[in-house]
Number of protein chains: 2
Amino acid sequence: MFVSRKISESTVRRLSHYLRSLEGFPDIGGTVSSEELAARGQTTAAQVRKDLSHFGSFGKRGLGYSVDQLRDRLRSILGVDRSWRVALVGAGRIGLALFEYPAFRSRGYDCVAIFDSDPEKIGQAWADQVVRSPDEFEKVINELDVELVILALPADGAQEMAMRAVDAGVQGILNFAPIRLNVPPEVPVEDVNLVMELEALSFQITQGEQDA
Amino acid sequence: MFVSRKISESTVRRLSHYLRSLEGFPDIGGTVSSEELAARGQTTAAQVRKDLSHFGSFGKRGLGYSVDQLRDRLRSILGVDRSWRVALVGAGRIGLALFEYPAFRSRGYDCVAIFDSDPEKIGQAWADQVVRSPDEFEKVINELDVELVILALPADGAQEMAMRAVDAGVQGILNFAPIRLNVPPEVPVEDVNLVMELEALSFQITQGEQDA
DNA sequence: TTACTTTTGTGAAGAATTTCACAATACAGT
DNA sequence: ACTGTATTGTGAAATTCTTCACAAAAGTAA
Ligand SMILES: NC(=O)c1ccc[n+]([C@@H]2O[C@H](COP(=O)([O-])OP(=O)(O)OC[C@H]3O[C@@H](n4cnc5c(N)ncnc54)[C@H](O)[C@@H]3O)[C@@H](O)[C@H]2O)c1
Ligand SMILES: NC(=O)c1ccc[n+]([C@@H]2O[C@H](COP(=O)([O-])OP(=O)(O)OC[C@H]3O[C@@H](n4cnc5c(N)ncnc54)[C@H](O)[C@@H]3O)[C@@H](O)[C@H]2O)c1
């Protein structure tokens, strides 16, 4: 019934999926069943109900869940019923792609500062932002009250910038650099490692062939 | 002792980590213990041994694993002891970042074709490649014997291109579009959803604060 | 050869996650 | 009000994943 601490990683991923599905319903006032939600995700109705039950019971037996209500509840559970101030560190190729990706801003992740160590890039205008020197990092993080940092810089600078971000009071890190960051356990880090995703594919293909 | 089918997703992710760690050892002829490997990953020695034991036993009691041997074995398990022919679909911001990312090629993922539907982009040269029209898709996939496809196009075109890729004989899909692709179960799909990663962060931060 | 140290490989125990299955309940129709 | 249908919320069972713990090597040193 109540938030019993320790929600599993996979549950959180599924909650994101449910929210994404619900945002597909432009429908006002409708309802959705755990069965329907399961079909759109890639899971079972029982799993959907169990996932949601960790946070309370907001369905109606015989009817399902109110789309509007469930969507709001999921937004609040996932912390996207507000906006987050994000800084981008590394104004390279992946940094640019992320910066220009509209889905971030539309979900409430607001890029309020960009840093790069390359003197050629410092001072460049990116939309409403100017690329800043890492020398200003702590000052800017504090002044703008940055909560999240996206690390899109080469691996050799990532650990240092992660530490500086934590020391400056940043609350979470999305890391694209292919290294395991060492940060205090209370600061969550999510790693994105695309080589690993490709390896997962080639693993599955290779294994599959061994069966045949 | 033998590949007993059904290796868990988390095991595969850890195998990738182990391989990445081992590639950090330029050391020729050395050995590494499960303890050391665990420290570099973010796991336990028992987990390392259990993961490896699914594929045979290639350590020496009292000594550990031969770095060279284990690295080769992991490469072969993950299917990266060969090169893979990859096509990129969608020559946009994320497509460009991926195309120029050197770690892919160096791991054996070779981008051999690029497709985009934008007439402005078709014909553009990208390094050694030329952006092609999706009209040529099936022909090119077959001629170049493409095995993997990276979908970096907007969500509304992704399902169609996934299906065409499968029909053309592609064996795996790395999908950046924020939709759940519908493909036959024997074709592995890996999804990359960055909004979900950010939501995982904001969830953890939000939850953490509720404790305090 | 024997004693000692180290570290693997693995069954068994323990923990976590998913699935099952069903009583509880909400509404619709008559 | 009653009957029928749909669908939740949730203990319990089943399954999957992780950790434990220790006998079985393998090397080293005396
Ligand atoms: N391009 C991709 O598709 C891709 C995919 C996955 C992971 N990555 C990883 O993302 C990171 C960035 O990749 P990229 O392709 O954008 O590289 P890039 O070389 O295009 O950009 C990196 C940027 O970081 C800047 N930088 C370097 N040190 C810095 C520091 N200390 N502080 C601030 N900025 C600094 C550089 O000046 C450069 O502008 C790398 O770690 C890479 O491994 C990239
Ligand atoms: N930019 C990011 O950081 C980011 C992050 C996560 C996910 N994504 C996702 O990745 C995908 C691409 O994002 P982007 O930012 O590169 O977008 P983009 O608009 O920069 O590029 C998309 C490209 O795909 C092409 N395209 C459209 N339909 C096509 C078709 N049927 N066949 C071939 N090409 C086609 C377009 O012409 C365009 O060049 C989107 O689904 C987006 O949601 C992007």
Side-chain angles (χ1 to χ4, degrees), chain A residues 1-18 21-22 25 29-71 73-74 77 200 203 207, chain B residues 1-18 21-22 25 29-71 73-74 77 200 203 207:
Chain A
M1 173 70 185
F2 288 95
V3 182
S4 52
R5 202 61 338 90
K6 210 67 292 260
I7 300 300
S8 78
E9 216 179 299
S10 15
T11 295
V12 179
R13 265 206 303 279
R14 285 190 301 265
L15 294 174
S16 281
H17 274 304
Y18 306 153
S21 293
L22 290 172
F25 285 62
T31 69
V32 63
S33 68
S34 55
E35 199 70 64
E36 288 173 85
L37 233 27
R40 274 154 211 279
Q42 163 128 54
T43 179
T44 64
Q47 183 73 80
V48 172
R49 297 200 298 277
K50 183 67 86 182
D51 286 341
L52 296 177
S53 77
H54 289 122
F55 302 94
S57 62
F58 23 86
K60 283 216 170 111
R61 295 177 189 217
L63 256 195
Y65 302 88
S66 147
V67 172
D68 289 349
Q69 237 175 270
L70 183 55
R71 185 166 45 206
R73 196 72 189 78
L74 284 173
I77 291 167
F203 172 81
Q207 291 297 304
Chain B
M1 173 68 186
F2 288 97
V3 182
S4 52
R5 202 55 346 84
K6 211 64 293 260
I7 299 300
S8 79
E9 217 178 298
S10 15
T11 296
V12 179
R13 265 206 304 280
R14 285 190 299 266
L15 295 175
S16 281
H17 274 303
Y18 305 153
S21 292
L22 290 173
F25 285 63
T31 69
V32 62
S33 69
S34 54
E35 199 70 63
E36 288 173 85
L37 232 27
R40 275 155 211 276
Q42 162 129 56
T43 181
T44 64
Q47 183 72 81
V48 171
R49 296 200 299 275
K50 184 68 85 179
D51 286 341
L52 296 177
S53 77
H54 289 123
F55 302 94
S57 61
F58 23 87
K60 283 214 169 116
R61 298 180 185 214
L63 257 195
Y65 303 88
S66 147
V67 171
D68 290 348
Q69 237 176 271
L70 183 55
R71 186 166 45 206
R73 197 69 190 77
L74 283 172
I77 290 168
F203 171 82
Q207 291 297 304

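Letters go in sequence order (proteins before strands), and every chain restarts at 1. In what follows, every heavy atom counts, from backbone to side chain, and hydrogens, waters and symmetry copies are set aside.
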Whole-Å gap separating [atom2] ([N]) and [atom1] ([X]):
X	N	atom1	atom2	answer
A:Leu63	C:dT25	CG	C1'	10 Å
B:Arg49	D:dA23	CZ	P	15 Å
B:Arg61	C:dG9	CZ	P	7 Å
B:Glu36	C:dT7	CD	P	8 Å
B:Leu70	C:dG9	CG	P	10 Å
B:Phe58	D:dA25	CZ	P	18 Å
B:His54	D:dT16	NE2	P	12 Å
B:Glu35	C:dG9	CD	P	14 Å

So do [Y] and [X] actually touch side chain to side chain, heavy atoms under 4.5 Å?
X	Y	value
B:Glu36	B:Ser33	yes
B:Leu74	B:Phe58	no
B:Leu22	B:Tyr65	no
A:Arg71	A:Asp68	yes
B:Leu70	B:Leu37	yes
B:Phe203	A:Thr11	no

Distance in Å, [X] [atom1] paired with [Y] [atom2], rounded so as to fall on 0.5 Å steps:
X	Y	atom1	atom2	value
B:Gln47	B:Ser10	CD	OG	7.5 Å
A:Ser66	A:Lys60	OG	NZ	8.0 Å
B:Lys50	B:Thr43	NZ	OG1	12.5 Å

Any protein N or O atoms within reach of nucleotides 28-30 of chain D? Criterion: under 3.5 Å, listing atom names and distances.
none

(message) Is A:Ser34 close enough to D:dT8 that one of its side-chain N or O atoms is under 4.0 Å from OP1 or OP2 there?
(response) yes

(message) At less than 4.0 Å, is any side-chain N or O atom of B:Tyr65 found next to OP1 or OP2 of C:dG9? Yes or no.
(response) yes

(request) Have a look at the helix from C:dT1-D:dA30 to C:dT30-D:dA1 and give the angle its two end axes make, five pairs each, rounded to 10 degrees. (result) 10°

(request) Specify the closest pair of heavy atoms between B:Arg14 and B:Asp51, including all atoms of both residues, with the distance to one decimal. (result) NE-OD2, 2.7 Å

(message) On a heavy-atom basis, which atom in A:Ile77 and which in B:Gln207 lie closest, and how many Å separate them?
(response) O-NE2, 4.0 Å

What nitrogen or oxygen pairs link the protein and nucleotides 16-19 of chain C at under 3.5 Å?
| from | atom 1 | to | atom 2 | distance (Å) |
| --- | --- | --- | --- | --- |
| C:dT18 | OP1 | A:Arg14 | NH1 | 3.2 |
| C:dT18 | OP2 | A:Arg14 | NH2 | 2.9 |
| C:dT18 | O5' | A:Gln47 | OE1 | 3.3 |
| C:dT19 | OP2 | A:Thr44 | OG1 | 3.4 |

